[in-house]
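See structure below.
We use all heavy atoms of the structure for the numbers below, so side chains are in, but hydrogens, waters and symmetry mates are not. Indexing begins at 1, ligand by ligand and atom by atom, following the structure's order.
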Amino acid sequence: MDLFDDLPPDTAQTPIAPGAVLLHGFAREEAGTLLQAVESVLHQAPLRHMQTPGGFTMSVAMSNCGPLGWVSDPIGYRYAECDPLTGQPWPAMPACMMDLARRAAAQAGFADFEPDACLINQYVPGAKLSLHQDKDEKDQRAPIVSLSLGLPTVFLFGTSSRKDRPQRYRLVHGDVVVWGGPARLAYHGVAALADGEHALLGRRRLNLSFRCVG
Ligand code: SIN
Ligand code: FE2
């Protein structure tokens with residue numbers, strides 16, 4: 001009996017919608033390397049809980065790497081060249097992260113993906129992200145490439161209409177979701193993280209989302 005019988009093969013893909021696909025275990029082998037790269041980024045640009053324009057504090061802790069980083073504060077959402085916490089440019093995007101993002105995009109049918117931003121989200125038990133569209137990026141021809149590390153979660157993925165009820169997908173360590181083209185403006189979100197213990201990450205989940213902000 002294979003110890004890993006319960007895991008889908010690395011090549012398994014679940015179509016989510018036209019333009020959106022879940023690549024099961026796409027980054028499973030390289031997850032340790034990616035995690036080391038993320039930790040070095042977070043050393044320079046620590047995770048923090050941002051304020052929403054509506055005055056709430058987000059339950060997800062965030063940071064960024066690459067030329068541009070997503071920030072939220074009472075003024076609004078935007079991409080910025082410097083980390084407001086340190087006043088320094090965001091850390092460079094590590095080559096292993098850029099490479100993973102490019103390969104995943106290509107696998108999903110999006111050639112020549114050149115992300116200039118990677119948003120790093122950390123969820124601890126109870127943290128969640130309500131349904132939203134990723135629409136702060138000027139260049140919406142490029143897809144979003146989203147990597148999950150650590151504890152499993154339930155990812156919600158709908159359509160570009162908020163009225164449509166989203167589908168639910170379980171995402172585990174090493175899974176990658178890519179959405180672009182007709183799915184680029186689909187509403188999506190993350191259900192409250194269930195408690196657990198992950199061998200590499202402990203009681204948390206990290207999500208890396210690669211974007212072309214333009
Ligand atoms: C996001 O929508 O920015 C993050 C999605 C996720 O954590 O899976
Ligand atoms: Fe998003």
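- For the pair R102 and F113, the cation-pi criterion (under 6.0 Å, within 45° of the ring axis) is not fulfilled.
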(request) Apply side-chain hydrogen bond (donor to acceptor under 3.5 Å, both in side chains) to the pair N64 and W70, showing each step before the final yes or no. (result) CA-CA 7 Å; N64 293 275; W70 188 86; over 6 Å; no
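- The closest protein non-hydrogen atom to atom 7 (O) of ligand 1 is Y123 OH, 2.5 Å.
- Here S130 contributes atom OG and L156 contributes atom CG; the two are 10.0 Å apart, rounded to the nearest 0.5 Å.
- For atom 1 (C) of ligand 1, the closest heavy atom belonging to the protein is L129 CD2, 3.5 Å.
- Note that NZ of K138 and CZ of R211 are 14.5 Å apart. Values are rounded to the nearest 0.5 Å.
- At least one heavy atom of R211 sits under 4.0 Å from some atom of ligand 1.
- Taking 4.5 Å as the limit, every side-chain heavy atom of P166 sits out of range of all side-chain heavy atoms of Y187.
- Within ligand 1, counting atoms from 1 as listed, the ones closer than 4.0 Å to a heavy atom of R205 are 6 (C), 7 (O), 8 (O).
- Heavy-atom proximity to V190, at under 4.0 Å, picks out these atoms of ligand 1: 5 (C), 6 (C), 7 (O), 8 (O).
- When ring centroids are compared, F155 and W179 come within the 6.0 Å threshold.
- The neighbour count for D195 CG, taken as heavy atoms of other residues, nucleotides or ligands under 6.0 Å away, is above 12.
- Remark: ligand 1 and W179 share no N or O pair separated by less than 3.5 Å (distance only, no angle test).
- With no hydrogens or angles considered, no side-chain donor-acceptor pair links D175 and H173 at under 3.5 Å.
- Within the protein, the N, O or S atoms lying under 2.8 Å from the Fe ion (ligand 2) are H132 NE2, D134 OD1, H188 NE2.
- In the vicinity of H188, heavy-atom distances shorter than 4.0 Å reach the ligand 1 atoms 2 (O).
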(request) Would you check, one step at a time, whether the test salt bridge (charged side-chain N to carboxylate O under 4.0 Å, His left out) holds for E197 with R204? (result) CA-CA 8 Å; E197 182 73 27; R204 59 196 178 118; over 6 Å; no
